[in-house]
Amino acid sequence: MNYQVINPYTGALENEYAQTSDDALQSALQTGDTYYHAHYNEPLAIRVKQLQAIADAFRQNVEQLAFTATTNMGKLHREAIGESTAAANIAQYYVDHGPAALLPKSYTYQDGKQATLHYDATGIVMAIEPWNFPYTQVMRVFAPNFFCLVIRLF
């Protein structure tokens, strides 16, 4: 059985996708794991530049992304513009504030014991999303994990 994208406004078939095979899924997971390990210690400046490019791409393609969100998800055009812009803003937030947010944080707990909180990448993140998932739902998971990949402070 294939997955079909039906335009909720017109009822027209917009696209059709075959189910992912177990082999294709395993290949995608392996590709992600390989990328994770290959880029784990990459300098922060490179990741910041890449995330900035993603934010810029969302802004530069806002109309095309809005069209897709309208025809595939049923969003009103004005909502779809806002959705695309919000995704760009999430990526931009991590470009602008990520380095400071990921610094180690010292704190005191249980009668004066000291601890330091460090942030580290988690590896592959899998999310099962509804058919009409918004761009922001993906970006709010992707951006911090992509950004955190390069931070290893201990």
Side-chain angles (χ1 to χ4, degrees), residues 1-75 77 79-104 117-154:
M1 177 179 94
N2 290 340
Y3 294 102
Q4 296 180 333
V5 177
I6 306 293
N7 185 319
Y9 295 110
T10 66
L13 177 66
E14 294 289 332
N15 214 329
E16 196 166 346
Y17 300 93
Q19 285 189 4
T20 301
S21 69
D22 289 347
D23 289 342
L25 178 59
Q26 287 300 320
S27 177
L29 290 171
Q30 184 59 52
T31 298
D33 187 62
T34 299
Y35 182 89
Y36 170 76
H37 290 289
H39 295 275
Y40 188 80
N41 291 311
E42 196 169 61
L44 179 59
I46 291 172
R47 187 75 61 221
V48 169
K49 185 176 179 179
Q50 291 171 327
L51 200 52
Q52 182 66 64
I54 291 169
D56 293 344
F58 264 84
R59 288 189 184 98
Q60 292 163 2
N61 296 290
V62 71
E63 282 294 335
Q64 180 183 357
L65 291 164
F67 177 79
T68 300
T70 298
T71 58
N72 291 354
M73 299 176 210
K75 289 189 176 286
H77 183 261
E79 294 171 342
I81 292 288
E83 177 70 30
S84 302
T85 302
N89 292 342
I90 292 168
Q92 190 67 54
Y93 175 85
Y94 285 96
V95 168
D96 296 340
H97 303 286
L102 294 175
L103 291 174
L117 175 63
H118 295 272
Y119 295 92
D120 204 11
T122 58
I124 294 174
V125 176
M126 180 179 167
I128 298 173
E129 303 289 354
W131 68 270
N132 63 342
F133 66 92
Y135 301 132
T136 54
Q137 203 165 325
V138 172
M139 190 62 77
R140 70 183 175 84
V141 173
F142 168 76
N145 283 288
F146 178 78
F147 190 78
C148 191
L149 176 60
V150 299
I151 304 300
R152 189 156 192 243
L153 301 168
F154 54 96

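Numbering starts at 1 and runs along the sequence shown.
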Kindly list each side-chain donor-acceptor pair under 3.5 angstrom involving residues 53-60, sequence neighbours excluded, with atom names and distances?
| residue | atom | partner | partner atom | Å |
| --- | --- | --- | --- | --- |
| D56 | OD1 | Q52 | NE2 | 2.9 |
| R59 | NH1 | Q92 | OE1 | 3.2 |
| R59 | NH2 | N89 | OD1 | 3.3 |

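H39 has its side chain out of reach of Q50: every pair of non-hydrogen atoms, C-beta onward, lies at least 4.5 Å apart. Side-chain contact between M73 and T68 is absent, with no heavy atoms from C-beta onward closer than 4.5 Å.
In this structure T34 satisfies the side chain to side chain donor-acceptor pair (under 3.5 Å) test together with Q30, sequence neighbours excluded. Residues that satisfy the side-chain contact (heavy atoms from CB on, under 4.5 Å) test with Q137, not counting sequence neighbours, are E129, P130, F133, P134, R140. Taking the ring pair (Phe, Tyr, Trp, His ring centres under 6.0 Å) definition, one finds that H97 meets it with Y93, sequence neighbours left out. With sequence neighbours excluded, the residues satisfying side chain to side chain donor-acceptor pair (under 3.5 Å) with E16 are N2. Listed by chain and number, the residues in a side chain to side chain donor-acceptor pair (under 3.5 Å) with Y17 are N15 (sequence neighbours excluded). Evaluation of the side chain to side chain donor-acceptor pair (under 3.5 Å) rule for T85 yields no partner, not counting sequence neighbours. Annotation: side-chain contact (heavy atoms from CB on, under 4.5 Å) contacts of T71 (sequence neighbours excluded): N7, E14, F67. Taking the side-chain contact (heavy atoms from CB on, under 4.5 Å) definition, one finds that Q26 meets it with L29, sequence neighbours left out.
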May I have the step-by-step check of side chain to side chain contact (heavy atoms under 4.5 Å, CB included) for I124 and Y36, ending in yes or no?
CA-CA 8 Å; I124 294 174; Y36 170 76; 5.6 Å; no
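Of all the heavy atoms in I6 and G11, the pair that sits closest is CG2-O, 3.5 Å. A143 and I90 get closest at one heavy-atom pair: CB-CG2, 4.3 Å. The nearest pair of heavy atoms linking Y9 to G74 is OH-O, 2.5 Å. Y135 approaches A69 most closely through the heavy-atom pair OH-N, 3.7 Å.
With hydrogens and angles disregarded, no donor-acceptor distance shorter than 3.5 Å links the side chain of Y3 to the backbone of Q19.
Between M139 atom CE and F142 atom CZ the span is 6.5 Å, to the nearest 0.5 Å. The distance from atom OG1 of T70 to atom CG of L65, rounded to the nearest 0.5 Å, is 10.5 Å.
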